[in-house]
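All residue numbers in this chain count up from 1 along the given sequence.
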Amino acid sequence: HHTIMSQEKKLAVVLAEDLYEDLELHYPRLRLKEAGFDVLVAGPAKGATYKSKFGYWAKADVEFKEIDPAKVSVLVIPGGFAPDRLRRYPDCLDLVKKVNDHGGVIGHICHAAWVAISAKIVKGKKATCFMAVKDDLINAGALYDGDARVVVDGNQVSAQTPEDLPGFMAEILKIAK
């Protein structure tokens with residue numbers, strides 16, 4: 001007789017709101033699936049469909065408060081203009097802060113730095129972002145690096161633009177538990 005080892009899939013969460021940057025949501029979502037993660041799209045309302053800057057859809061599997069932050073291995077915040085909306089939800093900021101506190105990997109790309117800033121997790125951390133929001137990162141106490149396309153500091157990975165997604169995801173997958 002033989003024993004089947006059942007290993008629970010690791011959980012990854014990708015945040016969604018209207019006007020997200022298409023590639024910055026779907027590229028991480030699909031790469032994480034490919035890497036064997038159980039991937040959930042989280043938004044303000046479960047079952048709601050959020051449209052990207054170019055009208056591509058992302059459906060929320062869950063709302064923010066339904067997720068147990070202690071179980072999240074990776075949380076990715078896409079850029080575009082969605083971060084300006086995401087940062088207004090206390091449940092969203094609470095999820096990001098608690099995943100960070102539990103040591104989950106937090107990935108923020110482009111304008112997504114806004115969400116990390118509002119979740120109060122960037123102070124003293126090396127980070128990069130889309131150049132238009134660099135002052136926000138600096139003012140929040142982050143150690144901004146505009147020369148690096150992708151920056152890793154502990155459990156946080158940040159990147160500048162959609163062109164940096166391959167390096168961004170490679171670093172996230174390298175440190176994800």
Counting N and O atoms only, with roles assigned by atom type, does the side chain of [X] sit under 3.5 Å from a partner on the main chain of [Y], one being a donor and the other an acceptor?
{"X": "Arg85", "Y": "Phe81", "answer": "no"}
{"X": "Asp18", "Y": "Lys51", "answer": "yes"}
{"X": "Asp94", "Y": "Pro90", "answer": "no"}

Could you check whether the rings of His26 and Trp57 sit parallel, tilted or perpendicular, using 30° and 60° as the cut-offs?
-> perpendicular
Any side-chain heavy-atom pair of [X] and [Y] under 4.5 Å:
{"X": "Tyr27", "Y": "Val76", "result": "no"}
{"X": "Val72", "Y": "His102", "result": "no"}
{"X": "Val41", "Y": "Arg29", "result": "yes"}
{"X": "Glu21", "Y": "Thr161", "result": "no"}
{"X": "Pro69", "Y": "Val99", "result": "yes"}
{"X": "Pro28", "Y": "Met169", "result": "yes"}
{"X": "Trp114", "Y": "Ile77", "result": "no"}

Taking every non-hydrogen atom, the tightest pair across [X] and [Y]:
{"X": "Ala16", "Y": "Leu86", "result": "O-CD2, 3.6 Å"}
{"X": "Leu93", "Y": "Arg87", "result": "CD1-O, 3.3 Å"}
{"X": "Pro162", "Y": "Glu24", "result": "CD-OE2, 3.2 Å"}
{"X": "Leu11", "Y": "Lys71", "result": "CB-O, 3.4 Å"}

Interatomic spacing from [atom1] in [X] to [atom2] in [Y] - rounded to 0.5 Å:
{"X": "Phe54", "Y": "Asp22", "atom1": "CZ", "atom2": "CG", "value": "6.0 Å"}
{"X": "Lys134", "Y": "Asp136", "atom1": "NZ", "atom2": "CG", "value": "11.0 Å"}
{"X": "Leu15", "Y": "Leu95", "atom1": "CG", "atom2": "CG", "value": "6.5 Å"}
{"X": "Tyr56", "Y": "Leu25", "atom1": "OH", "atom2": "CG", "value": "10.0 Å"}

Near Glu66 CD, under 6.0 Å, is it more than 12 heavy atoms from other residues, nucleotides or ligands?
-> yes
Where do Asn100 and Gln156 land on the side-chain contact (heavy atoms from CB on, under 4.5 Å) test, with the steps shown first?
-> CA-CA 8 Å; Asn100 182 68; Gln156 293 185 28; 3.2 Å; yes
Is there a side-chain contact (heavy atoms from CB on, under 4.5 Å) between Leu32 and Lys10 once you walk through the steps?
-> CA-CA 10 Å; Leu32 288 159; Lys10 294 179 291 188; over 6 Å; no
Quiz: residues 119-131 side-chain donor-acceptor pairs under 3.5 angstrom, not counting sequence neighbours:
unit_1, atom_1, unit_2, atom_2, d
Thr128, OG1, Asp145, O, 2.9
Thr128, OG1, Gln160, NE2, 3.3

What about the rings of Phe64 and Tyr89, do their centers lie closer together than 6.0 Å?
-> yes
side-chain contact (heavy atoms from CB on, under 4.5 Å) partner of Leu75, the single match among Ile172, Val115, Val96 | Val96
